[in-house]
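These numbers come from the heavy atoms of this one structure, side chains and all, not from hydrogens, waters or symmetry mates.
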Amino acid sequence: MTHEASISSIDSHFKSDEAWEVLLDNEAFVKTFLSDVLEDYIIKQRWYGGKSSQIKYIELAEYFRIQQHGEVYFGLILEVNFVESFYQHYFLPIAFVTDVNFAQKDRILPISIQNQKGHIIDAVNLEAFRKLVFERIITAEPKDTTKVQYHKSHLFNNVSYESSRFMGLEQSNTSLVYNDKYVLKFFRRIFGDKNPDYEMSRFLSEKKEFKNTPAYLGSINLVDSENTNITIGLMQEMIPNEGDAWDYMLKELHRVFSNLEYKKIVINNLPNTELYQRLTIQDIPPQIIDWAGLNLFNQVQTLAKRTAEMHIALGSEFEETAFTPAHYNGDYEVWLKNKMLYQFQNRLNIIENNQGKLEGLAVSLAQEFLDKKNSIRKRFVNFDWTKLKGERIRVHGDYHLGQVLVKDNDYYILDFEGEPESTIRDRKVKQPPLKDVAGLFRSFHYALYATVFNNSETHYKESQEALFNASEILYRYITGLFLGTYVTETQNANLNLGYNKERIFILKYCLLEKAVYELGYELNSRPQWAVIPLKGISNIINH
C-alpha cells in the first residue's frame with residue numbers, strides 16, 4: 001500500500017489512502033497533525049492552561065479508540081512541551097467530518113481520507129460522539145478490564161439517550177449536558193493519576209450517600225501504557241439551581257449595603273465583635289440583624305452545616321486508606337513548610353515587582369506586608385506538629401462560594417479537583433478540614449469587598465473607606481456564626497478538629513496561606529483588587 005502523505009501547498013489538505021480507523025498508525029499524518037496546525041488550535045481553547053508559556057513542541061503521548069458498533073473516534077493524550085522546560089498533558093478526542101458546513105470554529109486540520117474531503121475536529125462537537133460516550137457509560141459492565149474503562153454507578157439505571165448539549169462557558173474542562181438531567185465533564189488537563197474530582201465524588205456519593213453534592217453516576221478512565229489509571233470523564237446528576245453562592249452572596253450583600261442609607265445606619269455606631277469567636281444567631285446584636293437581615297445569617301448557618309456534613313463524611317472512613325483520617329506528623333510538616341515557603345517567596349517577588357500598580361489603601365498594606373515579611377515567613381515556619389491533636393482528612397481543597405450551587409435555600413458542593421496551582425499528588429494530601437473553612441472565609445471577605453468595588457460609585461453614599469469598615473464588621477459576624485455552627489456540628493459527630501487554641505491556630509495559618517496565594521493572582525491580573533488579600537493578611541498578622 002502506498003503512503004501518500006503529503007500536504008499540498010495549494011489546498012493545504014493532508015491526503016491519506018488509508019482508512020480513518022488506522023490513520024493514527026500513519027507516522028506522516030501524526031507528524032503533520034502535531035505540527036503548527038494543532039498548536040494554533042490548542043492555544044485558542046479556553047481549557048488550555050499554558051497560555052503564559054511558550055510551546056516548544058507537542059508529542060502524542062498516548063492514543064486510544066472510543067468506539068461502539070464499528071463507529072470509531074480517537075482519544076489523544078497530548079504532551080505539550082514548553083520552552084521553560086516543563087510539560088503538561090491534555091485530552092483531545094477527535095473525529096473526521098465531511099460536512100462542509102459543520103463545526104467551522106473547531107476544525108483542526110483539513111484532510112482527504114480515501115478521496116473523501118473533510119476536516120478533523122474536536123469530537124465533542126459531534127452529537128454522534130456524545131451519544132456514543134453516553135451509551136458506553138450506561139451499558140458499562142461491572143468489571144471493565146480494557147484500556148478504556150467505562151464505569152456506571154448503581155444509581156444510573158433505566159436511562160436512554162435523548163439529547164446532549166454544551167453546558168456553556170467553560171474554563172479548564174468541557175461539560176456536556178445529557179437529557180437535561182446529567183452532566184459529563186471531560187477533563188482536558190490530564191494527570192497521571194485518578195482525578196480527585198472523580199475520587200471524591202464517587203466516595204461521597206456512593207460510599208457515604210452525602211446528599212449535598214451532585215450524585216456520581218459514572219466515569220471514563222484510561223489505563224495508559226505505564227499502567228497508570230487516568231480519569232478522562234466524570235458523569236454526575238445535574239442539579240437544577242438558582243446560580244452559585246457567589247452570585248447569591250453578591251445580591252444579598254448589595255441589599256445589606258443599600259440598607260445603610262435606607263435605614264439611616266451610622267457605621268461607626270455598629271457594635272463589633274472579636275475575630276474567630278464562635279457565635280450563635282442569639283449572639284448577634286439586634287442592630288446587626290436589623291442592618292443585614294436575618295436571612296443572611298440563616299443562609300450562613302445552612303452553608304456551615306453542609307460544610308460540616310461534608311467533612312464528617314470525609315472523616316468517617318476506616319477501610320479505604322485514601323480517605324482514612326490521619327494525624328499530623330513530621331512528613332506533613334516538612335511538606336507544608338516547603339510548599340508555603342516556596343509560595344511565599346514567589347508572592348514576595350511579585351509584590352516587589354508590582355508595587356507601582358497599587359493605589360489607595362493597597363499601598364500602605366503592601367508596605368506593611370514587605371515590612372513584616374520576616375514575621376509572616378516565621379508564621380509559616382512556626383508549625384509544630386507535635387503540639388497538634390486534631391486529624392487531617394481529604395478536603396475539597398479549592399473551596400469557595402463559586403463552588404457551591406444554591407437551590408431552595410440549600411447548598412450543593414461541587415468541583416473537587418483541588419487547587420489549580422498544586423500537583424495532583426499535593427491535591428490528595430490529607431489536610432486540616434479548617435483549610436476548606438478558611439477558603440470559604442476568604443471568599444466571604446472577597447464578596448464583601450467586591451460588592452463595595454462593584455457598586456460604590458453608583459449606589460452607595462458612604463465613602464469607600466467607611467464601606468470597607470462596615471465590611472470588616474459584617475465579616476466578623478458572618479465568620480463567627482459560621483465557625484460556631486461548624487464546630488458544634490463537627491464536635492457532635494466526633495470529627496477531631498483539635499482543642500480551641502489549636503483550631504484558631506490552624507484557621508489563621510490556612511487563612512494566611514490562602515490570602516498569600518490570592519495575592520499573586522490579583523497582582524498579576526487585577527491590581528486594584530490586591531487590597532482584598534492584603535487586608536486579609538493584615539487582619540491575621542495584627543490579630
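Stacking of R188 on the aromatic ring of Y90 is not recorded, the 6.0 Å distance cut-off and the 45° axial limit not both being met. Taking the ring centre of Y276 as origin, the terminal cationic atom of R503 falls outside the region bounded by 6.0 Å and 45° from the ring axis.
At least one donor-acceptor pair closer than 3.5 Å links the side chain of D283 to the backbone N or O of T280. Looking only at distances, no side-chain donor or acceptor of N272 sits under 3.5 Å from a matching main-chain atom of I473. Looking at N524, its side chain does come within 3.5 Å of a backbone N or O of G520 through a donor-acceptor pair. With K185 contributing its side chain and L234 its backbone, the two residues share no donor-acceptor pair below 3.5 Å. K147 places no side-chain N or O within 3.5 Å of a backbone atom of D224 that could act as its donor or acceptor partner. With hydrogens and angles disregarded, no donor-acceptor distance shorter than 3.5 Å links the side chain of N179 to the backbone of S164. Checked by atom type and distance alone, the side chain of D426 never pairs as donor or acceptor with a backbone atom of S422 at under 3.5 Å. Of the possible polar contacts, one joining the T324 side chain to the T321 backbone as a donor-acceptor pair under 3.5 Å is found. For the pair E317 (side chain) and E319 (backbone), a donor-acceptor distance under 3.5 Å is present. Counting only distance, with no hydrogens or angles, the side chain of T231 and the backbone of N195 share a donor-acceptor pair below 3.5 Å.
When ring centroids are compared, Y477 and F297 stay outside the 6.0 Å threshold. Aromatic ring centres of F166 and F186 lie farther apart than the 6.0 Å criterion allows. Taking the six-membered ring for Trp, F210 and F203 have ring centres at least 6.0 Å apart. Aromatic ring centres of W385 and Y332 lie farther apart than the 6.0 Å criterion allows. Residues H89 and F187 keep their aromatic ring centres 6.0 Å or farther apart. With ring centers used as reference points, Y475 lies 6.0 Å or more from F444. Ring to ring, F441 and H445 are not that close: their centroids are 6.0 angstrom or more apart. Proximity of the aromatic rings of H400 and Y446 is defined here by a centroid distance below 6.0 angstrom, and this criterion is not met.
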- Dump the intermediate steps for side-chain hydrogen bond (donor to acceptor under 3.5 Å, both in side chains) on R476 and Q277, then the final yes or no. CA-CA 8 Å; R476 290 172 176 223; Q277 290 282 23; over 6 Å; no
- Which is it for N542 and E368 under the side-chain hydrogen bond (donor to acceptor under 3.5 Å, both in side chains) test, yes or no, and what are the steps along the way? CA-CA 10 Å; N542 292 314; E368 178 186 42; 2.9 Å; yes
- Walk me through it: do Y216 and T213 pass the test side-chain hydrogen bond (donor to acceptor under 3.5 Å, both in side chains)? CA-CA 9 Å; Y216 168 82; T213 192; over 6 Å; no
- Task: Go through the steps for T307 and Y399 under the test side-chain hydrogen bond (donor to acceptor under 3.5 Å, both in side chains), then give the verdict.
- Result: CA-CA 10 Å; T307 306; Y399 195 39; 2.8 Å; yes
- Between Y87 and F191, is a ring pair (Phe, Tyr, Trp, His ring centres under 6.0 Å) present by the stated rule, with each step listed? CA-CA 11 Å; Y87 59 85; F191 300 95; over 10 Å; no
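Of all heavy-atom pairs spanning R392 and Y328, the tightest one is CG-CE2, 3.5 Å. The shortest non-hydrogen separation linking L204 to A313 is CD2-CB, 3.7 Å. Nearest heavy-atom pair across G218 and I137 is CA-CG2, 4.2 Å. Nearest approach of K208 to S316, heavy atoms of both residues: NZ-O, 3.0 Å. Residues I413 and P214 approach most closely at O-CD, 3.4 Å, considering heavy atoms.
Surrounding NZ of K387 are at most 12 heavy atoms belonging to other residues, nucleotides or ligands under 6.0 Å away. Around atom NZ of K194, no more than 12 heavy atoms belonging to other residues, nucleotides or ligands sit under 6.0 Å away. The 12-atom threshold is not exceeded at CD of E141, counting heavy atoms of other residues, nucleotides or ligands nearer than 6.0 Å. Annotation for K263: atom NZ counts as buried by contact number, over 12 foreign heavy atoms lying within 6.0 Å. Taking a 6.0 Å sphere around CZ of F86, one finds it holds more than 12 heavy atoms contributed by other residues, nucleotides or ligands. Atom CZ of R425 is surrounded by 12 or fewer heavy atoms from other residues, nucleotides or ligands within 6.0 Å.
The residues D398 and R427 are annotated as not salt-bridged, no charged nitrogen and carboxylate oxygen being separated by less than 4.0 angstrom. For E162 and K181, the salt-bridge test fails: no basic side-chain N is under 4.0 Å from an acidic carboxylate O. Note on E421 versus R347: salt bridge recorded, some NZ/NE/NH1/NH2 to OD/OE distance being below 4.0 Å.
Between Y499 and E502 there is a side-chain heavy-atom pair separated by less than 4.5 Å. Within the 4.5 Å cutoff, no side-chain heavy atoms of N241 are placed close to those of V406.
Using bins of under 30°, 30° to 60° and over 60° for the plane-to-plane angle, the ring pair F416/H396 lands in the tilted bin.
If you check the side chains of N409 and Q299, you find a donor sitting under 3.5 Å from an acceptor. Judged by distance alone, the side chains of D436 and H311 do bring a donor and an acceptor atom under 3.5 Å apart. Side-chain contact annotation: N539 with E472, donor-acceptor N/O pair under 3.5 Å present.
Considering L296, I284, L440 as possible partners of I478, the one that fulfils the side-chain contact (heavy atoms from CB on, under 4.5 Å) test is L296. Of the options E513, E518, E522, a salt bridge (Lys or Arg N to Asp or Glu O under 4.0 Å) to R442 is made by E518 and by none of the others.
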